[in-house]
Structures are given as structure tokens and as C-alpha cells.
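Report on the following structure.
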Amino acid sequence: MRYERVKGTRDVLPREALARRELEKLVHDKFSRAGFFPILPPTFEKYELYQHSTGEASDIVIKEMYRFADMGGRDLALRPEGTPSVMRAILENHLKIPIRLWYSMTMFRQDKPQKGRYREHTQIGAEIVGEAEPEADVELIKLGYDLFTEMGIEGMYLELNTIGCRECRPGYTEKLTRFLTEHQKELCEDCKLRTQRNPLRVFDCKVASCQEVLKSAPSQREHLCQGCKEHFDAVKKGLGRFSIPFGENERMVRGLDYYSRTVIEFKSTLLGAQDTLCGGGRYDYLAEELGGPPTPATGFAFGIERALLTSRGEDIFEFSGASIPLLVLPLGDKAQAYALELIFKLRQAGISVQAEFRSGGLSRKLKRADARNAERVLIIGEDEIAKARFILRDMHTGEQKEMTFEELLSLHELKGHSLLTNGED
RNA sequence: GUGGGUGUAGCUCAAUUGGCAGAGCACUUGACUGUGGCUCAAGAUGUUGGGGGUUCAAGUCCCCUCACCCACCCCA
């Protein structure tokens, strides 16, 4: 029986796996400098956690969760996003606030796979917890902006909106609900439901007739309280000051329930339908929702798969596991044993080395060395063992040199060689 | 959940109105048993995604099904 991948999952092959390591290294360096520490919460949580944070009005909780019961009858779910776990971990472990955390972890959502969308995918996220000021939003956005720029994300643009706070949102939602109720018959089925569950989400609707209705809908901008207005202005001003281009999108409301005030999305024109590369925003009430003290917070997360899909990978994330800096070619039984001992010694000395043990004469072994993309080979036969001098052959130039083990060790082109050169998967 | 597309060798793809399932690349072996890449020669490879039907005959036509891709919805 041969098995295949489960729908919506993928095998990250060596080439891409190496790219991800590079990306994580870049993120780690960058985020560390801004005071972020890594955190690794578990892969599954109580279902209830997501119900109370991601929200019962969100599509994720309504229809996309991998929900299961364990043997003890606990109601659990694979994490569909990182923020709830991070906040839960902060509260549960009494981490000192303020704190900045980042993570790179897999997420699980049971929606229909598509280009750039998988049932298991990896998100890198950053959360600033305990800072209510607009500067925190600006800092975070700038961090993302710089990161994506450095990664060479093409066709990138930033969209910004504010969705108000506890003070001003209820008044607005009430007004909006009244408006939507009046126009109920002109709305699509989904929007009729949204009117009840989360009226703001109606703005997300792509149906033309709904958008038509929304044209005359009350504007949230006019209903923002003083605090929200000032906060939003400060964020925009901050972005302007650091030359981060953005577009205001009054329609963008985000799919998760816990957001307040600032919401952001980085998009790429290269992604087609799944154009959101990175989403996030402020979530000042989440801590309280989860039974903690009032704790303002802001954060974002981006999908690695999509990021890699849109980055000029060639320049920055070029690598391969194919090239072998040094390949030992033993000739004969005695040499085979000798070679094994030799490669262990060479590796101990910091040299990347492999040996071609598969049977064959020199001609065959050289052919194999070629097929394996070896940079250099070390030929070891009876004569060489007797003399304790080996033949080092450069596979590109064909140049050969005899040398002793000590001379080999001192060749510094063999040191510090990594897999990150070029080649195929 | 709704639409559209694609399934043929390890990979990329051919196959005329239904008429012997093929090519290139890759692979194996040899020419060449201590000197690779080039060349030449030979070789292996398939339930044509699966099941059923029509037919003397199905990769090709019909029905069902599965997988993948793309789009809607939504999201990273």
C-alpha cells in the first residue's frame, strides 16, 4: 500500500525547508533587536479557548476547526491561529507585562485548499502585550514592513483601518444593525446572518448588491470616539513619518472577533485571490476575555508559505542540499574501511565530507561523484593507504594533488562549508 | 458548501474520424576493471487515477467515483 499526503497538507522538501530556516533566522535577528522573545505554546488547546477568543462569529470557529475529543473526553482543537495561545500562556504563567513575544508555528484550518492556502500552514507572528500606545502599532507595522521589504516580497501593499473600541463601537454597531435590518431584503443570505452575529463583517461581503447597499451605510469614521480618533491619527502620522506607504480601507474589518482599534493587512498583488500575506491589529480586550486583567496588546502574523511564494526567493533564499564539498572515493575493501575511519576524523575537524561506498571501480565512482554534484573528491586506494598520501581532485578543473591527512586538514576551503550553495532539491 | 479545469513511464508531455501506448529528459548496463562530465550502443519502466457501460476494438465516446489544481466564500 502506498500512501499519499492528507488533503491540504504538503511535504516541505529540503530546498524549501532550508529557505524556511533562513527566514526564521532573519526574523529571529530582527525581532530580537526589537525586544521580542520566542515562545512555543502547544499545538492544541481546549476548544473553548478559541471559542472565547477567536470568536463564535468567526469563520474559523464556525467551520474550520480541527476539533476532537481525547481519551479523557476533553474537548480539544488543533490551533487555527497563534494569538489565543500566546495570551493564554502569558496569563497562565504570570509573565511580566509588558512583554514582546514572537513565534513560528504550524496552524490548522479545515478549509478548501487553494493556491497559497493549506490546511496545515506555518505562521510567524509577533505580539506586543501591555502597550496601549499608538507607537506600539507603528513599531510593529514598521517591523513587518522592513522584514517583508528585506525578504523581497513583490507587489506588497499595506491596508489600514480602525474598528473602534468598547466606548464607540456599540453605538455604531447598533446604528449599523438598524440600517442593515432596514435593508434586509437587499442583502445576501450570508449578510442576513452577519447582521445578527457580527454586523461589521458585512463590509467584507463581495456580493455586488450588498456593496451597493453599503454605500449608504453609516460610516464608522464619523462614530469614532475621541480616543480612537486620536489613536488612529497617531498611527497614520507615525507611518507617514517613516515613509511607510499605506492605504486606508474602511471596509476592512478582519475575520476574528477580538480586534479593536487598529487593524492591518499586508497584501501582495502576486497572490491572486489569497492576497493577504499578513494580518493583524490591536486586541486590547482579549486578556479580559480570557479572565485576565485589562491588558492592551497589538500583533500580527504572516504565512510562511505565502511569503515564500511572493519573495524574490532567488536572491535571498537560494540554497540546496545537493552539492558535496568533499567526497571520499575508496577503492577496494581495505580502502572502504579506511575511508569510514577517515571521514569521521575529518568531520571531527569540522570538514563536511561524505564517502561513496557503493561498489565500482574508480571510473564508476567518479561518475557517481559527478552525479552527486561533488566539488572535490579524495581518492583512496591501496597505494595511497600505503603512502598515507591521498589524491585530492577538483571536479571542476580536474586538477589533482597528493596530500597527507594533515595537509588536508589545513585546507581552509573545506572548513565552514554549508549546504547553502546552489543546486536542486 | 458552489463552480471550472486536469489526471498517460520517475519528470515534462505526445497519441489523427475509436484501430498494436510513444518521445524527450532522467535511470541501468556496456564500449572504458586506478580517472567523471562528451559521445555511441543496448536495456528497463505503465492496471492510461479507479469502477462500470457502449463497441469486433476505448487513452479516445457515455455514466459513476477519486485525487489534484484553480476560482467563489473566508483566511496567513
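Predicted, not measured: the structure shown is a model, and the values here were computed from it. The sequence lines fix the lettering, A, B, ..., with proteins before strands; numbering per chain opens at 1. Atom set for the values below is all heavy atoms of this structure, side chains included, hydrogens, waters and symmetry mates excluded.
Regarding contacts with the backbone of B:C73, every side-chain N or O of A:Q114 stays at 4.0 angstrom or more from both OP1 and OP2. For A:R194 and B:C74, the shortest distance from a side-chain N or O to OP1 or OP2 is below 4.0 Å. Dashed line: the shortest gap from a side-chain N or O of A:S363 to OP1 or OP2 of B:G36 is under 4.0 Å. For A:R364 and B:U35, the shortest distance from a side-chain N or O to OP1 or OP2 is not below 4.0 Å.
If you check every strand for non-hydrogen atoms under 4.0 Å, A:G279 touches sugar and phosphate atoms only. Residue contacts shown for A:R5 are absent, as no nucleic acid heavy atom lies under 4.0 Å away. Using a 4.0 Å heavy-atom criterion, one finds that A:G398 contacts the bases of the nucleic acid, with or without backbone contacts as well. Nucleic acid contact for A:G360: none, since no nucleic acid atom lies under 4.0 Å from a heavy atom of the residue. Heavy atoms of A:M107 sit nowhere under 4.0 angstrom from any nucleic acid atom. Here A:E384 lies in heavy-atom contact (under 4.0 Å) with a base. In this structure, A:I124 reaches neither bases nor backbone, as no heavy-atom distance under 4.0 Å exists between it and the strands shown.
A:D257 and A:S58 share no side-chain donor-acceptor pair at under 3.5 Å.
On a pure distance criterion of 3.5 Å, a polar donor-acceptor pair joins the side chain of A:D370 and the base of B:G36.
The cationic group of A:R67 lies under 6.0 Å from the six-membered ring centre of A:Y47 and within 45° of the ring axis, placing it in a cation-pi geometry.
Residue A:R368 contributes atom CZ, which lies 11 Å from atom C1' of B:U29 at whole-angstrom precision. Atom pair A:K7:NZ and B:C69:C1' shows a separation of 10 Å (rounding to whole Å applied). If you take CD of A:E382 and P of B:U33, they are 18 Å apart, rounded to a whole angstrom. The separation between A:F203 atom CZ and B:C74 atom P is 14 Å, rounded to whole Å. What separates CD of A:E375 from P of B:G37 is a distance of 18 Å, to the nearest Å. Separating the CZ atom of A:R10 from the P atom of B:A76 is a distance of 18 Å, rounded to the nearest angstrom. Between A:E356 atom CD and B:U35 atom C1' there is a gap of 15 Å when expressed in whole angstrom units.
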Practice item. Test ring pair (Phe, Tyr, Trp, His ring centres under 6.0 Å) on A:Y285 and A:Y258 and set out the steps. Key: CA-CA 7 Å; A:Y285 312 126; A:Y258 51 65; over 10 Å; no
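For the P atom pair drawn from B:U28 and B:C66, the interatomic distance equals 39 Å after rounding to whole Å.
Between A:E402 and A:R389, at least one side-chain N (NZ, or NE/NH1/NH2) sits under 4.0 Å from a carboxylate O, which counts as a salt bridge.
Using cut-offs of 30° and 60° on the angle between ring planes, the pair A:F148 and A:F300 is tilted.
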